[in-house]
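Shown next, in structure tokens, is the structure this report addresses.
Just so it is clear, the structure is predicted and the values come from calculations on it, not from any experiment. What you see below is based on every heavy atom in this structure, not just the backbone, and it leaves out hydrogens, waters and symmetry mates.
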Amino acid sequence: MIAFHTLHPFAPRPDGCVMQTRLMRSQNFTHHIPLLALRKRPSATSLVGILKAAAVPQPPPGKINADEDLNPSSHIKYKPLTAKLPKKNDTVKLAAVFGLWCFQNVIFNVYNKKVLGLFPYPWLIASFHLLVSSLWMTGLWATKLQPFPRVNRKFLLALLGPGLFHAIGHTSACIAFTKLAVSFIQVINASEPCFSVVISALHDHFYPIHIWLSVIPIVAGCALAAVTEASFNAAGLWGALVSNACFVLRNIYSKQSFYDYKHIDGLNLYGCISIVSLFYLIPVAVIVEGRHWLQGYQTAIAAAGSPSSFLTWALLSGVFYHLYNQTLYQALDEISPLRFSVGDAMRRVVVIIATVIVFRNPVRPLNAVGSAMAIFGTFLYSQATAVGTKKGKKKRQMITKER
């Protein structure tokens, strides 16, 4: 299952650029004067230096910008010294966040595979996951641990498209879980950037050539892994591929639909889409699978050993499905795209290794090579898009300053 880290088009992304506020500029004027110079009698030389530093040309009468402070120090463009001082706890905090995210992702993948291996009804299990997310977000809103988003009728209508793609994408991923090994699913999920560049091109958004080149290792790696995969299943492969395509379409239409709702953060948007997706899935799940659930449940509890074991596995899969998505969205504000690409590649490797150990899936040498190529290609794609975005922002800032 892919965590859609690009769902919210307005989640702030640190791009390395320092934005100076009025408060920073006024503080910087005195911050560069040594403390001893403020306590001792200044010499003539130091007075001349300070006067030269403070001598700032005033704007012509009638052309004062209302947004600028009238304090002369507001016209001096200093870079705050704190921008270059690394925070000591950043690395530890980042490692803890990624560690928690990987742990939650591993637990979800393991128990979701266990449940769907005994109870192969992906429409019901996908509906259950979305139900857990919906109830969890409702609890956060009710207890005010998460601020409830300000919504209106137009926003609810905008949820319909992304909610539909999210419902189909998650159900297709669960179908893949019933047919394929988790390690192979992770490899196929790594091909999502291929769908992103192609579908974006169909929507008149073309990526630079270096981004197109970065998906070549992904295609080659996925093809090699598929040819050598011991648990290969065509229906499972199609489920994983359809899931990738739907999640890309969800992301694209989310950016188009929610342009006027920048006040809604990623976690709230994820919760709203989960609720809408749940209403899509429940009636379809009843129609497609409803008549088989009772017999399937009896078979599942017989294989699991007891009803409590099976129900516990199902509950864990639903809870950790929501938790790893919540951890991701709460951490997006603190993680740059470059760091996220490294963490996401590491997450895939951890999930593959953990599930291979738990389920004892056979891995052929060529299959391992193909998996490594696909994951490395995903890393290259993320690096290429992140660097391109950063350069684009710097170029726009330079053009703005020249104007």
Side-chain angles (χ1 to χ4, degrees), residues 1-9 11 13 15 98 101-102 105 162 165-166 168-170 172-173 176 180 182-226 229 237-256 266 324-325 328-329 332 335-352 369-392:
M1 184 59 198
I2 304 175
F4 51 99
H5 59 273
T6 57
L7 170 61
H8 195 343
R13 305 282 190 176
D15 57 358
F98 275 124
W101 184 40
C102 288
N105 206 272
F165 287 121
H166 182 59
I168 299 174
H170 184 47
S172 300
L180 301 173
V182 178
S183 56
F184 185 53
I185 293 174
Q186 289 294 320
V187 175
I188 299 303
N189 287 347
S191 66
E192 184 176 334
C194 303
F195 290 88
S196 182
V197 295
V198 173
I199 295 177
S200 296
L202 296 177
H203 286 76
D204 296 327
H205 177 75
F206 296 93
Y207 284 97
I209 186 62
H210 69 278
I211 294 180
W212 283 86
L213 294 177
S214 68
V215 303
I216 294 178
I218 302 177
V219 176
C222 289
L224 181 59
E229 174 60 33
L237 177 63
W238 277 109
L241 294 176
V242 170
S243 175
N244 287 348
C246 286
F247 284 141
V248 169
L249 287 170
R250 178 205 56 201
N251 297 342
I252 291 175
Y253 284 102
S254 293
K255 293 179 181 179
Q256 296 176 356
Y324 88 81
N325 279 292
L328 172 64
Y329 283 104
L332 276 179
I335 302 175
S336 68
L338 291 174
R339 288 185 174 183
F340 179 83
S341 64
V342 177
D344 190 49
M346 293 174 60
R347 176 191 64 84
R348 292 191 186 279
V349 173
V350 170
V351 172
I352 289 175
V369 172
S371 302
M373 287 178 59
I375 295 174
F376 181 68
T378 306
F379 171 75
L380 291 179
Y381 169 84
S382 301
Q383 296 279 312
T385 53
V387 171
T389 303
K390 188 173 181 179
K391 289 183 178 179

Might you point out which heavy atoms bring [X] and [Y] nearest each other, and give the distance in Å?
{"X": "Met373", "Y": "Gly221", "result": "CB-CA, 3.7 Å"}
{"X": "Val242", "Y": "Ser172", "result": "CG1-OG, 3.4 Å"}
{"X": "Arg250", "Y": "Pro162", "result": "CG-O, 3.5 Å"}

Check whether any side-chain heavy atom of [X] sits under 4.5 Å from a side-chain heavy atom of [Y], and report yes or no.
{"X": "Asp344", "Y": "Ser382", "answer": "no"}
{"X": "Cys222", "Y": "Val187", "answer": "yes"}
{"X": "Leu249", "Y": "His203", "answer": "yes"}
{"X": "Phe376", "Y": "Leu380", "answer": "yes"}

Atom [atom1] in [X], atom [atom2] in [Y]: separation rounded to 0.5 Å?
{"X": "Ile252", "Y": "Phe165", "atom1": "CD1", "atom2": "CZ", "answer": "9.0 Å"}
{"X": "Ile168", "Y": "Phe247", "atom1": "CD1", "atom2": "CZ", "answer": "10.5 Å"}
{"X": "Leu237", "Y": "Ile185", "atom1": "CG", "atom2": "CD1", "answer": "10.5 Å"}
{"X": "Ser371", "Y": "Gln186", "atom1": "OG", "atom2": "CD", "answer": "10.5 Å"}
{"X": "Tyr381", "Y": "Cys194", "atom1": "OH", "atom2": "SG", "answer": "9.0 Å"}

Legend entry - side chain to side chain contact (heavy atoms under 4.5 Å, CB included) between Phe379 and Ile375, worked out: CA-CA 6 Å; Phe379 171 75; Ile375 295 174; 5.9 Å; no
Give a yes or no answer on whether the side chain of [X] reaches the backbone of [Y] with a donor-acceptor pair at less than 3.5 Å.
{"X": "Thr378", "Y": "Ala190", "answer": "yes"}
{"X": "Ser196", "Y": "Glu192", "answer": "no"}
{"X": "Ser243", "Y": "Gly239", "answer": "no"}

Inset, instruction - Please identify each residue that fulfils side-chain contact (heavy atoms from CB on, under 4.5 Å) with Phe195, with sequence neighbours left out. - result: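 side-chain contact (heavy atoms from CB on, under 4.5 Å) list for Phe195, sorted by chain: Ser191, Ile199, Leu241, Asn244, Ala245, Val248.
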